[in-house]
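Index from 1, following the sequence.
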Amino acid sequence: MAKSLGKESYIEYGIASYYADMFQGRTTANGESFDQAALTAAHRSLPFGTKVLVTRQDTGQSVEVTINDRGPFVKGRIIDLSKQAARELGMIHRGIVPVALSSPAGNINKATGDIGGLGR
């Protein structure tokens with residue numbers, strides 16, 4: 001569930017997953033080549049270039065990622081992470097974990113609009 005915290009900040013809670021290796025090198029929705037070693041992620045509506053802090057709710061581990069793709073396309077999941085981001089969260093063997101996404105004011109990519117309709 002998404003919640004507006006102000007004009008340009010938000011928090012969202014849900015389940016994170018990570019990309020399978022077969023996506024390495026494929027073109028992301030923003031035109032970049034997907035790199036499992038980068039700290040990137042897919043989100044359904046946040047503007048490309050938005051930096052998001054992903055915090056694992058069960059362990060407190062966090063990683064900052066940049067949104068460069070659309071997804072996830074599995075019901076109930078709110079973000080798909082690169083394998084490197086998943087490693088930093090310690091979720092490789094588990095596959096999916098509960099997370100909180102946050103992006104303080106100033107991290108929203110203003111070049112592409114607001115925060116993807118959140119808080120409207």
Side-chain angles (χ1 to χ4, degrees):
M1 172 174 277
K3 177 180 166 186
S4 175
L5 295 179
K7 185 176 179 183
E8 293 187 42
S9 61
Y10 86 102
I11 190 163
E12 185 176 3
Y13 299 93
I15 301 297
S17 54
Y18 66 93
Y19 285 86
D21 288 331
M22 67 185 236
F23 293 103
Q24 177 66 30
R26 290 193 185 178
T27 304
T28 63
N30 76 346
E32 296 174 0
S33 180
F34 177 67
D35 181 2
Q36 286 280 35
L39 294 176
T40 58
H43 190 275
R44 286 185 189 99
S45 59
L46 286 171
F48 298 134
T50 299
K51 293 191 183 299
V52 178
L53 183 66
V54 182
T55 303
R56 213 174 134 166
Q57 290 183 294
D58 56 347
T59 66
Q61 293 168 280
S62 295
V63 63
E64 185 178 81
V65 297
T66 302
I67 303 300
N68 73 340
D69 204 5
R70 291 291 171 232
F73 300 109
V74 175
K75 186 177 180 177
R77 297 186 189 172
I78 62 169
I79 195 164
D80 268 336
L81 303 167
S82 66
K83 191 172 257 185
Q84 182 59 38
R87 271 190 200 101
E88 293 195 21
L89 290 179
M91 63 178 281
I92 294 294
H93 296 292
R94 194 150 169 214
I96 60 171
V97 294
V99 295
L101 308 182
S102 60
S103 188
N107 279 345
I108 303 301
N109 184 349
K110 293 179 179 142
T112 57
D114 67 1
I115 57 173
L118 298 174
R120 282 187 186 173

Chemist: Any chance you could measure Ser17, atom OG, to Arg94, atom CZ, to the nearest 0.5 Å?
Modeler: 13.0 Å
Chemist: Roughly how far, to the nearest 0.5 Å, is OG1 of Thr66 from CG of Leu39?
Modeler: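 Going from the CG atom of Leu39 to the OG1 atom of Thr66 covers 7.5 Å.
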Chemist: Grab the two heavy atoms, one from Ser33 and one from Gly25, that are nearest each other, plus how far apart they are.
Modeler: OG-O, 3.2 Å
Chemist: Got a second to check how far Asn30's CG is from Asp69's CG, nearest 0.5 Å?
Modeler: 7.0 Å
Chemist: Before giving the answer on salt bridge (charged side-chain N to carboxylate O under 4.0 Å, His left out), spell out for Asp80 and Arg44 the whole-Å C-alpha distance, their side-chain angles and the decisive distance to 0.1 Å.
Modeler: CA-CA 10 Å; Asp80 268 336; Arg44 286 185 189 99; over 6 Å; no
Chemist: Any side-chain to backbone donor/acceptor pair from Arg56 onto Val63? Under 3.5 Å, distance only.
Modeler: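 A pair under 3.5 Å: no.
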Chemist: Hey, is the main chain of His43 close enough, under 3.5 Å, to the side chain of Arg70 for a donor-acceptor pair?
Modeler: yes
Chemist: Does Tyr18 reach the main-chain N or O of Ile92 with its side chain, forming a donor-acceptor pair under 3.5 Å?
Modeler: yes
Chemist: Judged by atom type as modelled, is there a donor-acceptor pair below 3.5 Å linking the side chain of Glu64 to the main-chain atoms of Val52?
Modeler: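 Here the side-chain-to-backbone pair does not exist.
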Chemist: Is the shortest heavy-atom distance from the side chain of Ile78 to the side chain of Val99 under 4.5 Å?
Modeler: yes
Chemist: Flag the pair Thr27 / Glu32 as yes when at least one side-chain heavy-atom distance between them is below 4.5 Å, and no otherwise.
Modeler: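 No, side chains not in contact.
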Chemist: Could you pull out the closest heavy-atom pair between Pro72 and Ala42, with the gap in Å?
Modeler: CD-O, 4.0 Å
Chemist: Would you give the length of the straight line joining atom OG1 of Thr28 to atom CG of Asn68, rounded to the nearest 0.5 angstrom?
Modeler: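 Result: 4.5 Å between the selected atoms.
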Chemist: Nearest 0.5 angstrom please: Asp21 CG to Lys83 NZ, how far?
Modeler: 3.5 Å
Chemist: Does one side chain, of Gln84 or Ser82, offer a donor that lies under 3.5 Å from an acceptor on the other?
Modeler: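 Per modelled atom types, Gln84 and Ser82 side chains form no pair under 3.5 Å.
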Chemist: To the nearest 0.5 Å, tell me how far Ser102 OG sits from Tyr13 OH.
Modeler: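 It comes to 8.5 Å.
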Chemist: Measure the shortest side-chain to side-chain distance between Leu101 and Leu53 over non-hydrogen atoms and say whether it is less than 4.5 angstrom.
Modeler: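 The answer is no; the side chains never approach within 4.5 Å.
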Chemist: Got a donor-acceptor contact below 3.5 angstrom from the Gln36 side chain to the Tyr19 backbone?
Modeler: yes
Chemist: Do Ile79 and Ile67 touch side chain to side chain, with heavy atoms closer than 4.5 Å?
Modeler: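 Yes, close enough: below the 4.5 Å cut-off.
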Chemist: At their closest point, which heavy atom of Gly76 faces which heavy atom of Ile15, and how far apart are they?
Modeler: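 Answer, listing the atom of Gly76 first, then Ile15: O-CB, 3.7 Å.
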Chemist: Return yes if some donor-acceptor pair links the side-chain N/O of Thr55 with the main-chain N/O of Ser62 below 3.5 Å, else return no.
Modeler: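 Not a single qualifying donor-acceptor pair exists.
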